[in-house]
Amino acid sequence: MSYLIYRCDCGRVLYSKDTTKTKKCPCGKTFDVKKRRILKKAETIADATAEVQKMQEEIYGGVCFKTANEL
Ligand SMILES: [Zn+2]
């Protein structure tokens with residue numbers, strides 16, 4: 001089994017098992033996982049969550065956001 005990593009239209013990075021057919025984003029949108037463009041695959045859930053976190057940081061970028069968020 002592997003995990004698929006993809007983005008919702010709202011910008012969130014999400015992951016699910018490759019057997020999952022539909023996914024509901026926290027923004028409320030439900031979509032067909034098979035039709036999303038898959039950004040990455042991960043072999044374990046730990047890898048998947050690490051990738052999602054890394055990509056969120058890249059997208060929302062950067063040090064400024066992160067620092068402001070943490071303070
Ligand atoms: Zn969304």
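Numbers here simply count residues along the sequence, with the first being 1. Hydrogens, waters and symmetry mates play no part in the numbers below; they use all other heavy atoms, side chains included.
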Side-chain heavy-atom pair Tyr15, Glu51 within 4.5 angstrom cut-off | no
query: Do NZ/NE/NH1/NH2 and the carboxylate oxygens of Asp47 and Lys40 come within less than 4.0 Å?
result: no
Exercise. When you measure from the side chain of Thr20 to the backbone N and O of Ser16, does any donor-acceptor pair fall under 3.5 Å?
Worked result: no
Minimal heavy-atom distance between Cys8 and Cys27, with the atoms involved, is SG-SG, 3.9 Å
Nearest heavy-atom approach of Cys10 to Cys25 is SG-SG, 3.7 Å
- Are Lys21 and Asp32 ion-paired here, with the side-chain N under 4.0 Å from a carboxylate O? no
Fill in: Side-chain donor/acceptor of Arg36 to backbone N/O of Phe31, under 3.5 Å
no
### Audit row: Lys17, Met1, side chain to side chain contact (heavy atoms under 4.5 Å, CB included) steps and yes/no
CA-CA 7 Å; Lys17 290 175 189 174; Met1 189 199 305; 3.6 Å; yes
Taking the side chain as every heavy atom from C-beta outward, state whether Leu4 and Val33 have any pair of such atoms under 4.5 Å apart. yes
When rounded to the nearest 0.5 Å, the distance separating NZ of Lys41 from CD1 of Ile5 is 11.0 Å
Exercise. Are any of the side-chain heavy atoms of Lys24 and Lys29 separated by less than 4.5 Å?
Worked result: no
Connected via hydrophobic side-chain network under 4.5 Å: Leu14 and Ile38 = yes
**Request:** For the residue pair Arg37 and Tyr6, establish whether any side-chain heavy-atom pair is separated by less than 4.5 Å.
**Result:** no
Assess whether side chain to side chain contact (heavy atoms under 4.5 Å, CB included) is satisfied between Lys23 and Thr30, documenting all intermediate values. CA-CA 6 Å; Lys23 173 81 178 179; Thr30 304; over 6 Å; no
Do Tyr3 and Asp18 touch side chain to side chain, with heavy atoms closer than 4.5 Å? no
